[in-house]
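Below is one structure, written out as structure tokens; the observations come after it.
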Amino acid sequence: MSSEKILLLDGNSLAYRAFFALPLLTNEHGIHTNAVYGFTLMLQKIMEEENPTHMLVAFDAGKTTFRHSTFGEYKGGRQKTPPELSEQFPYVRKLIDAYGIKRYELEMFEADDIIGTLCKQAEEKGQQVIVVSGDKDLTQLATENTTVYITRKGITDIEKYTPSHVEEKYGLSPLQIIDMKGLMGDASDNIPGVPGVGEKTAIKLLKEHGSVENLYQALDTVSGAKLKEKLVANEDQAKMSKILATIETNAPIEVSVDDLTYSGPNMEEVTSVWKELSFKTLLEKSEYVTDEQTRTEIKFEVLENVNQSILKDTMVVHLEMYGEQYHTSELLGIALYDGEKSYFIPGSMAFQSKAFCEWLEDENKVKYLVDSKAVQAVSKKNNVSLHGADFDLLLAAYIVNPSISSEDVATMAKEFGYFDVLTDENVYGKGAKKATPELDKLGEHASRKAQAVWKLKPTLEEKLHENEQYSLYKELELPLASILGTMESEGVKVEAKVLKEMGVDLEQKLLTIEKDIYELAGEEFNINSPKQLGVILFEKIGLTPLKKTKTGYSTAADVLEKLESEHEVISHILNYRQLGKLQSTYIEGLMKEIHENDQKIHTRYQQALTSTGRLSSINPNLQNIPVRLEEGRKIRKAFVPSKPDWVMFAADYSQIELRVLAHMCEDEKLVEAFNHDMDIHTKTAMDVFHVEKEDVTSDMRRAAKAVNFGIVYGISDYGLSQNLNITRKEAATFIEQYLNSFPGVKGYMDDIVREAKQKGYVTTILKRRRYLPEITSSNFNLRSFAERTAMNTPIQGSAADIIKKAMIDMAKRLEEEKMQAKMLLQVHDELIFEAPKEEIERLEKIVPEVMESAIKLIVPLKVEYAYGPSWYDTK
DNA sequence: AACTTCACG
DNA sequence: ACGTACGTGAAGTTC
């Protein structure tokens, strides 16, 4: 017997199995990938275990097969292949090609028949044959030389059918499997068999008689009158069923076993398909990708300090910091790369180098960076201003696809097909084991990052151009990074004393409320534990639970508010929660973040995180400082100017999201409302409730306001009903009335969802993109969510575009006017400045002017502003 | 690390 | 029939 081993796979069946075994995964371009992924895992495993010399994947060619001429309803009544699966077949084929595996399909024949035919040919050649499928019918092919692998639950779990295993399982020979199918039929293929005969009876009959034909010859000896009757009545059908179940082993195929030699995968092509489909786990695990040996070696020179001679006109500069908190963390070293040579300067000495600082400041020296905002912030701390930032890897990757959202160079690089860099976690370790590596390793890591930036620049820039996003990236995000870095580094002064006094006061109040609650509850417990609180309220006191969470009773504020009249303790709990939040998050939390040296808080803006284009703020979050309730709003009294005789100045866009909506949908009434600067909620109430302005009650206005919010969020009757505490039906009526009153809005909502389905993504005014793979999902929830996102993202994202542009214009204007005023914070639709009193008059003119003209819409933008001795007073 | 709650736009 | 309003971050509890 030859040492050749042939692997014959049933492509359709395995892809089906994979599809139903795995949840519906998608990559960022909206392609479903679960079937391809599962197929890949099976393929990897089986090839590793079997090491075949020959391979083929067979596919079904079309709907009609030769079996249909025997039985028209063959495979009738089958559910249509879900579109989520059919769209994956091209990728399965592509992957097979990349592996260098032959594939074949033949008109009028099924994959089974191709496999059966090749199976016999291979056996004749003396090859060992392995057939892999998810379909048990294939077990009829098992012989001494052929083993049939059938997938079990999951994807990589297989059952191996040799003739003896078939015997063991059914008490039949492999060929008798066909007879068995003939008698019992097969619901999935719509093979009728003999009605009333199932697996048990079929096996029993075949054990006695051997085959369908023998059975019918000896029908008299069959015991059981009813059974005999059924067999007689369905003789033709049984014989036909057997024919249908028989795999053709003599199909007119045009390939022969000799064509199927397999010489191993082309891993470059395989990984490129993996990249396309975002198979991150496979890419990470792949030796090809992560093995030290396959990673190209890099050279870098360690320098004591920066000398003039290495500083070129164009370079990558990368600051390697310990962790992401660059405001406080240690600068471990600086990597420089000029396209040929890599340098690493350990420690923070580089900023001592006059040559380096001057080079950073020189706008004619072109810099490529990983994160230009971080470099700007750190530079500013060293009294240096970064100029000439020309490429920012983090921002470029984010604009191409905001869902990437990793700050790690290796993770970003991998997305774009570059693998010669390690993850920070790999180099530093994680959790308790996290530590700075030795100099060599650190230098190599930083240098690899620097080189990755250089190599990735053309790839990303090409992608940006292709998507028409280059100017969004280069003229909006990149200059903004520098401004944000400066704002972060500038920081905002916070009076610890003010917070502390509030804290003492709160402490007292909390203790009192705590005592009251314990008394009313009749026992002491942890009020901060929803679980314990739930037991007290809903079991001990016996209130009615109105809502449940995954883990138990919901004790969220909206639930408690509905129970307020039921028991006295509720209002105390709500009060306790409110004050507790202030104490822990805002008093204690913020005090921890005040820097010793300058009494300031330096937040970090995440410029490459949100999927809509907004910024986010962390360590601490300064975008959610209380304002709605007076007690909380007092926190803002601690936010003060950094210099005596300066004031805080805040300006915010009024109704920016609804104005953006008006701009995009061009609804006549909405546009007119803004052109006349009407109160938009009142106007909405007038149109929805068909009343005159004078007759709009406060409740009507409140409802209209909620509807407007709903419109911006991607309206749903349920959401609105929750918000307004009305029934879903009433909410649905509101929405209908709204959309009838503003037909342009309805048109926009319909169009944007249709567009998202067609393109797979939505865009903002400045061509920011968000991919929405789930918009074509057959899962109602996933699809609905994607549809609401499709409606909301262009609105929220365009508003983000506008304020970002305003920030750039504002920074420029302040510089041109040589003003001292500083932009300190951005809170989505507002900008907060500090300025000397003398500049206020000019700011009152400049800020609204600049913000209102940031981006021209078909409706005016409106800015309101206020100033005072603290952030609290800017109302 | 997941869940719940709540602060903001 | 399905069950959710969009986008965030931080704190505290529980597993």
Base of [N], side chain of [X] - is there a donor-acceptor contact under 3.5 Å?
X        : N     : answer
A/Arg628 : B/dG9 : yes
A/Lys550 : B/dC3 : no
A/Ser716 : C/dT4 : yes

Q) Is the closest side-chain donor-acceptor distance between A/Ser870 and A/Asp873 under 3.5 Å? A) yes

Side chains of A/Glu864 and A/Ser654: donor-acceptor distance under 3.5 Å anywhere?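 No donor-acceptor contact under 3.5 Å links the two side chains.
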
Closest to side chain of [X], choosing from [options]:
X        : options               : answer
A/Ile715 : C/dA5, C/dA11, B/dG9  : C/dA5
A/Lys581 : B/dG9, C/dG9, C/dG7   : C/dG9
A/Thr585 : C/dA5, C/dA10, C/dG7  : C/dA10
A/Phe780 : C/dG12, B/dG9, C/dG3  : C/dG3
A/Ser529 : B/dC8, C/dA10, C/dT14 : C/dT14
A/Thr789 : C/dG7, C/dT8, B/dT5   : C/dG7
A/Arg788 : C/dA10, C/dG7, C/dC6  : C/dC6
A/Arg577 : B/dG9, C/dG9, B/dT5   : B/dT5

Roughly, in whole Å, what's the span from [atom1] in [X] to [atom2] in [N]?
X        : N     : atom1 : atom2 : result
A/Asp717 : C/dA1 : CG    : P     : 14 Å
A/Arg614 : C/dT8 : CZ    : P     : 9 Å
A/Tyr553 : B/dT5 : OH    : P     : 14 Å
A/Arg768 : C/dC6 : CZ    : C1'   : 16 Å
A/Ile803 : C/dG7 : CD1   : C1'   : 14 Å
A/Tyr718 : C/dT4 : OH    : P     : 7 Å
A/Arg770 : C/dC6 : CZ    : P     : 10 Å
A/Asn528 : B/dT5 : CG    : P     : 12 Å

Work out how far the [atom1] atom of [N] is from that of [M], and round it to whole angstrom.
N     : M     : atom1 : result
C/dT4 : B/dC3 : P     : 14 Å
C/dA1 : B/dC6 : C1'   : 32 Å
B/dA7 : C/dC2 : P     : 32 Å

Side-chain N or O of [X] closer than 4.0 Å to phosphate OP1/OP2 of [N]:
X        : N      : result
A/Ser616 : C/dG9  : yes
A/Ser617 : C/dG9  : no
A/Ser784 : C/dT4  : no
A/Lys531 : B/dC3  : no
A/Ser554 : B/dT5  : yes
A/Gln532 : C/dT14 : yes

Any base atoms under 4.0 Å from [X], or only sugar-phosphate, or nothing? Heavy atoms, all strands.
X        : result
A/Leu720 : base
A/Ile625 : sugar-phosphate
A/Ala706 : base
A/Thr793 : nothing
A/Asn624 : base
A/Val712 : nothing
A/Ala799 : nothing
A/Asn723 : base
A/Asn526 : sugar-phosphate
A/Asn779 : nothing
A/Glu657 : nothing
A/Gln796 : base
A/Gly710 : base

Specify whether [X] and [Y] have parallel, tilted or perpendicular ring planes, treating 30° as the upper limit for parallel and 60° as the lower limit for perpendicular.
X        : Y        : value
A/His327 : A/His602 : tilted
A/Trp871 : A/Phe639 : perpendicular
A/Tyr867 : A/Phe649 : parallel

I want to know whether A/Phe689 and A/Phe734 have ring centres closer than 6.0 Å.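 Yes, they do, as the ring centres are separated by less than 6.0 Å.
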
Output for pair (A/Arg659 CZ, A/Ile795 CD1), nearest 0.5 Å, gives 14.5 Å

**Prompt:** In Å and rounded to the nearest 0.5 Å, what is the CG to CD distance from A/Asp829 to A/Gln655?
**Reply:**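 Rounded to the nearest 0.5 Å, the CG-CD separation comes out at 9.5 Å.
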
Q | Pair A/Lys729 + A/Asp717: basic N to acidic O under 4.0 Å | A |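 Salt bridge between A/Lys729 and A/Asp717, a charged N being under 4.0 Å from a carboxylate O: no.
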
Check: A/Tyr518 side chain, A/Phe525 main-chain N or O, donor-acceptor pair, under 3.5 Å:
yes

task = Under the salt bridge (Lys or Arg N to Asp or Glu O under 4.0 Å) rule, what do A/Glu324 and A/Arg604 come out as? Steps first, then yes or no, please.
result = CA-CA 10 Å; A/Glu324 53 272 15; A/Arg604 273 168 46 232; 5.8 Å; no

Walking DNA chain C from its 5' end, the first of A/Arg728 and A/Phe785 to be reached, judged by nearest nucleotide, is A/Arg728

Pairs under 3.5 Å (Watson-Crick or G-U), crossing ones as [ ], inter-strand ones as |: DNA chain C comes out as .....|||||||||.

